[in-house]
Protein chains: 2
Amino acid sequence: MEINTATDAFAALSQETRLAAFRLLVRAGPAGLPAGEIARSLGAAPSTLSTHLGLLQRAGLVSSERRSRRIVYRADFDGVGALIRFLMKDCCKGHPAVRAALDDAA
Amino acid sequence: MEINTATDAFAALSQETRLAAFRLLVRAGPAGLPAGEIARSLGAAPSTLSTHLGLLQRAGLVSSERRSRRIVYRADFDGVGALIRFLMKDCCKGHPAVRAALDDAA
DNA sequence: CCTTTAATTCGATAATTATCGAATTATGGA
DNA sequence: TCCATAATTCGATAATTATCGAATTAAAGG
């Protein structure tokens, strides 16, 4: 993973509303959620959420698909996996505290 | 991990110079690196790096210790572990692409 | 073809962040 | 004590980002 790809992904998750949107999508699973519903859930303007979702998408953390009038967003687990891999390998592979995180999740 | 702790950590890693500094520290291992050397390595002003290192430290990703005239910074692997754990458990536990990242690092 | 619904893009504004030079604090040695 | 080194904090400025309302694009149904 390029260093700039990584900073983009971290930036995408570094904002409260955006991280909240991302977590909603993770919890929603493969069905995803339409943009408007996310905006309503988080109490923000549709245009605001649209901006945030676009940024998450450019960072490779979510994908979108038009479903009739709705645009459904989904968490992109490959993207998240790549980011975790970056943190693991490139930053901290083999360190005890990081191993602990692995075992924890296993 | 609190949601705000997570956004702080992501924000800390979302800036090129700061991520570069963090990776230098990871590679330096337990010996760490003095602030000045990091600044020189990255070609930035000492005051700039000081700001960045302070932010990384408040985010729990690095620690510092005065060693005579130098202040030595070290990567805080517990902090990184906590962030990885957050991404794993709270966001994406059990998903194939995330499992792949695990197996990859194991 | 017009209306409604859903979302995005545009434009403006407020807030935050990155950067650096200058001033300050701390340490160690002549 | 005075000087040199190392880092931080302060203050200013430039750049980026978050937010939202208004205008625009797209789809479905009468």
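Atom set for the values below is all heavy atoms of this structure, side chains included, hydrogens, waters and symmetry mates excluded. Every chain is numbered from 1 and lettered A, B, ... according to where its sequence line falls, protein lines coming before strand lines. Predicted model, so just to flag it, every value in this text is computed and none were measured.
Under the 4.5 Å side-chain contact rule for hydrophobic residues, B:Leu42 and B:Leu25 share a cluster.
Between the side chain of B:Arg66 and the backbone N or O of B:Ser68, at least one donor-acceptor pair lies under 3.5 Å. At least one donor-acceptor pair under 3.5 Å links the side chain of A:Ser41 to the backbone N or O of A:Glu37.
A:Ala28 approaches A:Leu33 most closely through the heavy-atom pair CB-CG, 3.7 Å. Considering all non-hydrogen atoms of both residues, B:Ala6 and B:Leu83 come closest at O-CD1, 4.4 Å. What you find for B:Pro46 and B:Ala39 is that their closest heavy atoms are CA-CB, 4.1 Å.
A distance of 5.5 Å separates OH in B:Tyr73 from OG in B:Ser50, rounded to the nearest 0.5 Å. Between the OG atom in B:Ser64 and the CG atom in B:Leu56 there is a gap of 11.5 Å [rounded to 0.5 Å]. Atom OG1 of A:Thr17 sits about 11.0 Å away from atom CG of A:Leu53, to the nearest 0.5 Å.
Of all the residues in residues 35-44 of chain A, A:Ala35, A:Gly36 reach under 4.0 Å from DNA chain C with at least one non-hydrogen atom. Within residues 45-63 of chain B, the residues approached by DNA chain C to less than 4.0 Å at the level of any non-hydrogen atom are B:Ala45, B:Ser47, B:Thr48, B:Thr51, B:His52, in residue-number order.
Nucleic acid contact class of B:Arg69 (heavy atoms, under 4.0 Å, all strands): base. Within the 4.0 angstrom heavy-atom criterion, no nucleotide atom of any strand lies near B:Arg67.
Per the geometry, CD belonging to A:Glu65 stands 15 Å off C1' belonging to D:dA27, to the nearest Å.
Under the side chain to side chain donor-acceptor pair (under 3.5 Å) criterion, A:Glu65 pairs with A:Arg74, not counting sequence neighbours.
Judged as a salt bridge (charged side-chain N to carboxylate O under 4.0 Å, His left out), not a single pair has a partner in residues 4-20 of chain A (not counting sequence neighbours).
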*Between A:Leu61 and A:Gln57, does a side-chain contact (heavy atoms from CB on, under 4.5 Å) hold up when you go through it step by step?*
CA-CA 6 Å; A:Leu61 296 170; A:Gln57 185 164 31; over 6 Å; no
*Stepwise, does the side-chain contact (heavy atoms from CB on, under 4.5 Å) test hold for B:Leu13 with A:Leu87?*
CA-CA 10 Å; B:Leu13 299 174; A:Leu87 271 175; 4.2 Å; yes
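For the helix from C:dC1-D:dG30 to C:dA30-D:dT1, the axis fitted to the five pairs at one end and the axis fitted to the five pairs at the other end meet at an angle of 10° (nearest 10 degrees).
Mapping heavy-atom proximity under 4.0 Å, the span of DNA chain C touched by chain A runs 5' to 3' from C:dT4 to C:dT9.
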